[in-house]
Amino acid sequence: MFCRIASKKVPAKIIYEDERVLAFEDINPQAPVHALVIPKKHISTTLDIEDEDHALIGHLFQTGGKIAKEKGIAERGFRLVVNTNPEAGQTVYHVHIHILGGRHMHWPPG
Ligand code: 5GP
């Protein structure tokens with residue numbers, strides 16, 4: 001599914017793009033700010049990250065932080081969340097970072 005967003009076959013509200021990553025608004029937001037950042041390369045889960053992906057994954061997280069700044073939630077606080085496999089709630093098997101913020105976050109997470 002997210003490969004189809006990356007290749008523009010499925011529309012999304014894109015907020016950032018470069019040659020390696022794409023960020024877009026989550027279709028079912030769980031907070032006032034809820035965006036996703038994906039690598040354009042298909043990686044199914046965090047368990048499938050390979051040595052050659054290290055720079056890409058670093059870039060993914062750095063992009064998450066930059067988007068939080070642009071959205072005005074960096075100072076007050078935000079979450080970068082990556083779910084892996086069913087018990088964690090992963091529903092789309094293409095690695096993605098959730099950028100969540102704009103409201104108080106609870107711990108432990110539900
Ligand atoms: P996961 O549960 O795998 O960690 O997160 C998947 C996220 O992708 C969910 O928050 C869900 O709302 C979002 N999502 C699923 N399908 C689409 C889609 O087609 N477009 C967009 N923009 N978000 C999607």
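Values below: all heavy atoms of this structure, side chains included; hydrogens, waters and symmetry mates excluded.
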> Hey, what's the ring geometry for F24 with F2, parallel, tilted or perpendicular (30° and 60° as the breaks)?
perpendicular

> Mind listing the closest non-hydrogen atom pair of G102 and P32 along with its distance?
O-CG, 3.4 Å

> Just how far is it from atom NE2 of H59 to atom NZ of K66, taken to the nearest 0.5 Å?
7.0 Å

> How about H96 and H94: are their ring centroids closer than 6.0 Å?
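When the ring centroids of H96 and H94 are compared, they turn out to be at least 6.0 Å apart.
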
> Scan L60, I38, T84 and name whichever one has a side-chain contact (heavy atoms from CB on, under 4.5 Å) with V95.
L60

> Tell me, do L56 and I43 make a side-chain contact under 4.5 Å, heavy atoms counted?
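Side chain of L56 against side chain of I43, heavy atoms only: contact under 4.5 Å found.
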
> Just how far is it from atom CD1 of I67 to atom CD of Q62, taken to the nearest 0.5 Å?
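Going from CD1 on I67 over to CD on Q62, the span is 11.0 Å.
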
> Looking at Q90 and S44, what are the two nearest heavy atoms and their distance?
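For Q90 versus S44, the nearest heavy atoms are NE2-O, 3.1 Å.
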
> Looking at OG1 of T63 and CD of E17, how far apart are the two atoms once the value is rounded to the nearest 0.5 Å?
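CD of E17 is found 11.5 Å from OG1 of T63.
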
> Is the shortest side-chain heavy-atom distance between I99 and L80 below 4.5 Å?
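Side-chain contact under 4.5 Å: yes.
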
> Within this structure, what is the CG-CZ distance for the pair D53 and R20, rounded to the nearest 0.5 Å?
11.5 Å

> I need the minimum non-hydrogen distance between A12 and I5, along with the two atoms involved.
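In terms of heavy atoms, the two residues are closest at CB-CG2, 3.8 Å.
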
> Quick check on K69: does its NZ atom have over 12 non-hydrogen neighbours (other residues, nucleotides or ligands) under 6.0 Å away?
no

> Can you find a heavy atom in the side chain of I15 that is under 4.5 Å from one in the side chain of E70?
no

> Could you state the interatomic distance from CZ (R103) to CZ (R76), rounded to the nearest 0.5 Å?
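It is 11.0 Å, given to the nearest 0.5 Å.
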
> Is any side-chain heavy atom of F78 less than 4.5 Å from a side-chain heavy atom of V33?
no

> Under a 4.5 Å side-chain heavy-atom rule over Ile, Leu, Val, Met, Phe, Trp and Tyr, are V82 and Y16 clustered together?
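Both belong to a single hydrophobic cluster.
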
> Among the clusters formed by ILVMFWY side chains lying less than 4.5 Å apart, do V92 and I97 turn up in the same one?
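V92 does not cluster with I97.
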
> So if you build clusters from Ile, Leu, Val, Met, Phe, Trp, Tyr with side-chain heavy-atom gaps below 4.5 Å, do I14 and M1 land together?
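Shared cluster, yes.
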
> Report yes if some heavy atom in the side chain of Y93 is under 4.5 Å from a heavy atom in the side chain of D48; otherwise report no.
no

> Show your reasoning for whether side chain to side chain contact (heavy atoms under 4.5 Å, CB included) applies to H34 and H98.
CA-CA 7 Å; H34 189 176; H98 294 258; 2.8 Å; yes

> Distance from Q30 atom CD to R79 atom CZ, nearest 0.5 Å?
13.0 Å

